[in-house]
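Take a look at the structure below.
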Amino acid sequence: MEDDTEKYPANFIRHIIEKDVAEGKNGGAVITRFPPEPNGYLHIGHAKAICLSFGLAKDFSGSTNLRFDDTNPLKESAEFIDAMKEDIAWLGFTWQEERFASDYFEQLFSFAERLIEEQKAYVDSLSADEIREHRGTLTEPGKDSPYRDRTVEENLDLFRRMKAGEFADGEHVLRLKIDMASPNINMRDPTIYRIRHVTHHQTGDEWCVYPMYDYTHCISDSLEEITHSLCDLSFEDHRPLYDWVLDELAMNVHPQQIEFSRLNLQYTLMSKRKIKQLIDDDIVDGWDDPRLPTIAGLRRRGYTPESIRDFCRRIGVTKSDNNVELAVLESCIRDYLDSDAPRVMGVINPLKIVIENYPEDHAEMLEMPNHPKDESMGSRQVPFTREIYIDREDFREEANRKYKRLVSGDEVRLRYAYVMRANEVIKDGDGNILELRCSYDEDTLGKNPEGRKVRGVIHWVSASEGLPAKIRLFDPLFVVDDPDGSDADYEALINSDSLQQYDGFVESSLGEAISDQRFQFEREGYFCLDSKLSSKESLVFNRVVSLRDTWAKIEKKST
RNA sequence: UGGGGUGUCGCCAAGUCGGUAAGGCACAAGGUUUUGAUCCUUGCAUUCGCAGGUUCGAGUCCUGCCACCCCAGCCA
């Protein structure tokens, strides 16, 4: 899959690993892990983490484990596990081992008993509220719990009875005995076990005490002999705790946690919670809505794994806050599709044309290359007929010479076909344009007319031979570039026009299209069949991304 | 006002022992073109949050400021 061109460019994590490998740390091994919690779908922010953890390991001939961080059965479910695996595989990565944090529940419990025996953990019987009150604030130290000095025997007994199900949820928790006055709140006797009488998607009803992240993650990493444990910046102040647990347990493998900043993409959201709310509130179609930055959404939209990997490489890895422009992502997919997507013609917003001097009941097959620069992609035959459709954007009753499309009384080149003149505009009573009466110059197929220069080239589809198709165009979901920036009602920032649907026409060759093919509709952009909505009987195309549109910029400037 | 981080071009981001600011995206101007696409050429930070200091020389070292982000789940 990845060749050298897919190697990550220089970044601080690569430097750390390079140094470690050079010094023979961990015997020169590089083992990473990707540890999602199965409580939603993966998004492009996760793709950044995936590309990093898998990519870096691969660059150093190491390996990567996929580990589901399933310590909170209340929020998780098995349905997300398969979706996550599908997305990671689709992105092009292969994990060494598939693990679950829940695989380690037994070991985790024993380690906790050991911590109790060594007086490094205790059962606290304060309520959640009381624990919060004892924790202190950002600027004030906390207070010790009255239960902090229970005997080892009492703690062990209580903890085992917690496991045995003798207590109700919330009655007791197991806490680490560290320092209630630590300036780092994470070190103020963090809770590591809580009682939850719920069924777990992996372990069923075997457990009613569940370990928490800070305690579970570092031990899981250690047990898997992870060398470099990459995570986002929010875990930076958890690192002392990560290290504390492994040190106190004297684990012989002590992975290095390295934090990097998470991705922010302009005009969209990366918060799983908020994405879920958009789904619940029916603002989008589901986790795979093409407007969402989820991997499933991007896939349905028509993005390729290569383009997403390229994106992750282009944005780099640092510890600074970022807000990447959509243009970077779009550039990646255009780059890929320009060389890879066969060209075809499709009319999004059709305007009917009758070519009055062209014979009726005649379909002339015209040969067109599938790619202007790549002959190996072959060619196809496209029918030309008396009645065709062009896009309404490509006709103006009046326009100056800068407008390189069809204008009343003037000529334009029909892509790979004839030069055509607009003679008459047919309107309804309200002045809406119904159709155009045109004529063609039969001596212009494959050659330019003599003595005059046509304004430009437009695309078209035969009215009788073309296929009707629903065409969906997308705009960003939000109207501000940082909807995640404030906790304010982000749904008020929704772009109400993020999905535009048109009844268009596409050339007949598209009747054979399948959903993982992507095409360039000439002059319009890149499209693919919607994997959910499209059928043989009624085609539905999604626009992956438009073509770069210089004309739109010129237009915008002049208004 | 505690702790942890970050500040290099509009957006990302390289910048080894201090040696005189990569690259990408975007943008601008040309050229090619039966896609206003692609492609090609060219331009785009005397300056690295600010202010001092050390030095022959500092984005890189020191000092002091400023701004922004994260942390008070029995979430991850």
Side-chain angles (χ1 to χ4, degrees), chain A residues 9-11 15 35-37 39 69-72 74-76 101 124 126-129 131-132 135-142 169-175 182-188 190-196 210 212-214 216-217 231-240 259 261 263 266 272-273 313-332 334-335 338-339 343 345 368 371-373 402-405 413-417 419 444 446-448 454 456-459 481 520-525 546-555:
Chain A
N11 64 60
H15 290 321
E37 182 188 20
N39 66 344
D69 223 328
D70 56 348
T71 55
N72 187 359
L74 246 32
K75 289 191 176 173
E76 299 150 7
D124 197 352
L126 251 26
S127 69
D129 283 344
I131 287 179
R132 188 179 334 109
R135 187 155 32 229
T137 68
L138 293 178
T139 52
E140 297 160 321
D169 290 8
E171 251 185 90
H172 307 284
V173 293
L174 185 70
R175 291 230 257 168
S182 172
N184 180 348
I185 291 191
N186 298 118
M187 300 298 271
R188 319 240 261 229
T191 299
I192 60 169
Y193 267 92
R194 73 294 216 193
I195 301 170
R196 284 233 200 299
Y210 292 98
M212 293 184 62
Y213 170 84
D214 285 309
T216 308
H217 204 89
C231 61
D232 76 73
L233 250 28
S234 63
F235 294 101
E236 219 157 7
D237 5 302
H238 292 244
R239 192 174 60 229
E259 313 85 8
S261 54
L263 166 69
Q266 294 191 351
K272 253 194 233 173
R273 195 196 100 237
R313 206 174 319 115
R314 290 196 205 185
I315 57 175
V317 181
T318 66
K319 298 182 73 154
S320 45
D321 291 334
N322 58 79
N323 200 14
V324 178
E325 291 177 340
L326 249 17
V328 181
L329 219 209
E330 293 178 343
S331 167
C332 290
R334 284 193 188 114
D335 231 42
D338 173 59
S339 57
R343 312 284 114 134
M345 290 198 288
M368 304 183 188
H371 191 109
K373 308 180 140 178
K402 270 164 67 176
Y403 184 77
K404 293 157 65 175
R405 309 179 187 187
R413 156 76 62 184
L414 294 172
R415 179 73 161 162
Y416 296 131
V419 167
T444 54
K447 60 181 177 185
N448 286 125
V454 289
V457 183
I458 66 173
H459 57 94
D481 68 12
Q520 184 194 102
F521 287 8
E522 295 216 32
R523 302 206 315 127
E524 292 289 7
S546 66
L547 253 28
R548 254 185 90 236
D549 194 350
T550 308
W551 170 244
K553 278 174 210 153
I554 296 169
E555 280 267 87

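Naming: A, B, ... by sequence-line order, numbering from 1 per chain.
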Each nucleotide N or O in nucleotides 15-22 of chain B that has a protein N or O under 3.5 Å away: list the pair and distance.
| from | atom 1 | to | atom 2 | distance (Å) |
| --- | --- | --- | --- | --- |
| B:G15 | OP1 | A:His15 | NE2 | 2.3 |

Return the set of residues passing side chain to side chain contact (heavy atoms under 4.5 Å, CB included) with [X] (not counting sequence neighbours), or none when no residue passes.
X: A:Ser234; value: A:Asp232
X: A:Val324; value: A:Leu263, A:Leu265, A:Phe311, A:Ile315, A:Asn322, A:Val328
X: A:Asp549; value: A:Trp551, A:Ala552
X: A:Lys402; value: A:Asn400, A:Ile554

Taking atom [atom1] in both [N] and [M], compute the distance separating them and give it to the nearest angstrom.
N: B:G24; M: B:G31; atom1: P; value: 23 Å
N: B:A67; M: B:U8; atom1: C1'; value: 16 Å
N: B:U20; M: B:A29; atom1: P; value: 34 Å
N: B:C44; M: B:A21; atom1: C1'; value: 14 Å
N: B:U46; M: B:G19; atom1: C1'; value: 16 Å
N: B:G10; M: B:U6; atom1: P; value: 22 Å

Short heteroatom pairs, N/O only, protein and nucleotides 4-7 of chain B, under 3.5 Å:
none

Which nucleotide in the list B:U34, B:C25, B:A13 gets nearest to the side chain of A:Arg314?
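Of the candidates, B:C25 comes closest.
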Using a cut-off of under 3.5 Å, enumerate the N/O to N/O pairs linking the protein to nucleotides 39-44 of chain B.
| from | atom 1 | to | atom 2 | distance (Å) |
| --- | --- | --- | --- | --- |
| B:C39 | O4' | A:Lys373 | NZ | 3.0 |

ring-ring contact (aromatic ring centres under 6.0 Å, His included) with A:His371: which residues, sequence neighbours excluded?
none
Please name all residues satisfying ring-ring contact (aromatic ring centres under 6.0 Å, His included) with A:Tyr416, sequence neighbours left out, ordered by chain then number.
none
Find which nucleotide of RNA chain B each of A:Ile315 and A:Gly170 is nearest to by heavy atoms, and output the residue with the more 5' nucleotide.
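This one resolves to A:Ile315.
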Relative to the ring of A:Phe235, is the ring of A:Tyr213 parallel (under 30°), tilted (30 to 60°) or perpendicular (over 60°)?
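A:Tyr213 and A:Phe235: tilted rings.
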List in chain and number order the residues that pass salt bridge (charged side-chain N to carboxylate O under 4.0 Å, His left out) with [X], two or more places apart in sequence or in another chain; answer none if no residue qualifies.
X: A:Lys447; result: A:Asp443
X: A:Asp70; result: none
X: A:Arg239; result: A:Glu259

Does the structure show A:Tyr213 stacking with B:A76, if we require the centres to be closer than 5.5 Å and the planes to be within less than 30 degrees of parallel?
no
If the glycosidic angle is within 90 degrees of 0 it's syn, otherwise anti, so just tell me which one B:G7 is.
anti
